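One structure is given here, and the rest of the page talks about it.
Just so it is clear, the model here is predicted, and its values are computed rather than measured. Each chain gets a letter, A, B and so on, in the order the sequences are listed, and its residues count up from 1.
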2 protein chains.
Amino acid sequence: MDKVELADPAISEEDRLNRAFAALSDPLRRRIVARLAQGDATVNELAEPFSVTLQAVSKHLKVLEDAGLITRRREAQRRPCHLDPEALGRLTAWIEGYRQTVEERYERLDALLASQENQP
Amino acid sequence: MDKVELADPAISEEDRLNRAFAALSDPLRRRIVARLAQGDATVNELAEPFSVTLQAVSKHLKVLEDAGLITRRREAQRRPCHLDPEALGRLTAWIEGYRQTVEERYERLDALLASQENQP
DNA sequence: GATGTATTCAACCTCTAGGTTGATAAAGCG
DNA sequence: CGCTTTATCAACCTAGAGGTTGAATACATC
């Protein structure tokens, strides 16, 4: 049987959300995400615009990777990073689910108020 | 001149994102958000399902409030919490901006590859 | 095989997040 | 007014985040 390389099943959906939201709570990591949206980049390229050490950026990338937001391939000595849009999609799905629930409650409330105006 | 009660302008958009994503990175706070999507609730009501102290929940609510995700009104001794769907919307807007950038890059790449197949 | 380049590992430091307990504040109620 | 309910404040503890420096690994090149 092959070794499973994809998404560790021992990591729950809850953990994935924990890590992904935590990953995006750091401004440097958000800037990294913004950069990666433009296209893949190596650790050095990602570190260049910032005034922190390469090691710090390397740690940030590990956080993003553990959160499932980025993947990395090997290319000689380089480890180019790739932003996974599906992971971002899962986050918006979580948020939007609740946002829409609230919006729908508002609509139902509006409808109720409107119907009561007709029969005072 | 009236005292400004709404969104402290000293808090940058960056800070707002920091706090909002950090707020959602905690599983208990996400469950609180899920509960509030169903309707407003007091601190006691929110704390009831969980095995932590009331004080802990009170702290969590402060985090959510400082992140702008919830607002609170006064009702006798109670402080009912209200989930702000617009705050959630700002988060999805941030995420979706980058997710769509990536998706569009894919589409352009697909188009390029398709056009190259026609002229080998 | 020695050297250079890209990245990570390891040890360490400091600050904060999330939890606890105990005391305090504010508003209704007998 | 004293008592109860609801919620917060204050002090404390522990684990982890995010940063640093210095050493180690992995591949490419000379």
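C/dA6 atom C1' lies 18 Å from atom NZ of A/K62, rounded to whole Å. Computed from coordinates, the B/F21 CZ to D/dA17 P distance equals 18 Å when rounded to whole Å. Counting to the nearest Å, the P atom of D/dA7 and the CG atom of B/L64 are 15 Å from each other. Rounded to an integer number of Å, the gap from CG of B/N18 to C1' of C/dT16 is 14 Å. Atom CG in A/L61 sits roughly 15 Å away from atom C1' in D/dG19 (whole-Å rounding). Rounded to whole Å, the distance from CG on B/D66 to P on D/dT8 is 12 Å. Residue B/E48 contributes atom CD, which lies 17 Å from atom C1' of D/dA7 at whole-angstrom precision.
Aromatic ring orientation, B/F21 versus B/W94: perpendicular (interplanar angle above 60°, classes split at 30° and 60°).
For B/D84, the salt bridge (charged side-chain N to carboxylate O under 4.0 Å, His left out) test picks out no residue, with sequence neighbours left out.
Heavy-atom contacts from other residues, nucleotides or ligands closer than 6.0 Å to CD of A/E86 number 12 or fewer. Annotation for A/R35: atom CZ counts as buried by contact number, over 12 foreign heavy atoms lying within 6.0 Å. Heavy atoms of other residues, nucleotides or ligands lying less than 6.0 angstrom from CZ of B/R90 number more than 12.
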Close N or O pairs between protein and nucleotides 17-21 of chain C (under 3.5 Å):
{"unit_1": "C/dG18", "atom_1": "OP1", "unit_2": "B/R29", "atom_2": "NH2", "d": "2.8"}
{"unit_1": "C/dG18", "atom_1": "OP2", "unit_2": "B/R29", "atom_2": "NH1", "d": "2.9"}
{"unit_1": "C/dG18", "atom_1": "OP2", "unit_2": "B/R29", "atom_2": "NH2", "d": "3.4"}
{"unit_1": "C/dG19", "atom_1": "OP2", "unit_2": "B/H60", "atom_2": "NE2", "d": "2.1"}
{"unit_1": "C/dG19", "atom_1": "N7", "unit_2": "B/K59", "atom_2": "NZ", "d": "3.1"}
{"unit_1": "C/dG19", "atom_1": "O6", "unit_2": "B/K59", "atom_2": "NZ", "d": "2.5"}
{"unit_1": "C/dT20", "atom_1": "OP2", "unit_2": "B/T53", "atom_2": "N", "d": "3.1"}
{"unit_1": "C/dT20", "atom_1": "OP2", "unit_2": "B/T53", "atom_2": "OG1", "d": "2.7"}

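Residues B/L17 and B/L91 are in side-chain contact: their nearest non-hydrogen atoms beyond the backbone lie under 4.5 Å apart. Side-chain contact between A/L61 and A/E65: absent, with no pair of heavy atoms (C-beta onward) separated by less than 4.5 Å.
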Nucleic acid footprint by protein, nucleotides 24-30 of chain D - heavy-atom cut-off 4.0 Å, B for base, S for sugar-phosphate alone | ---BS--
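Residue B/N44 has a polar side-chain atom (N or O) positioned under 4.0 Å from OP1 or OP2 of D/dA7. Between D/dT6 and B/R72, no contact under 4.0 Å exists linking OP1 or OP2 to a side-chain N or O. Phosphate proximity of D/dA7 to B/S58: absent, as no side-chain N or O sits under 4.0 Å from OP1 or OP2.
The cluster map of Ile, Leu, Val, Met, Phe, Trp and Tyr, joined by side-chain heavy atoms under 4.5 Å apart, puts A/I70 and A/V57 in the same cluster.
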Between A/V102 and A/Y98, is a side chain to side chain contact (heavy atoms under 4.5 Å, CB included) present by the stated rule, with each step listed?
-> CA-CA 6 Å; A/V102 177; A/Y98 295 110; 5.7 Å; no
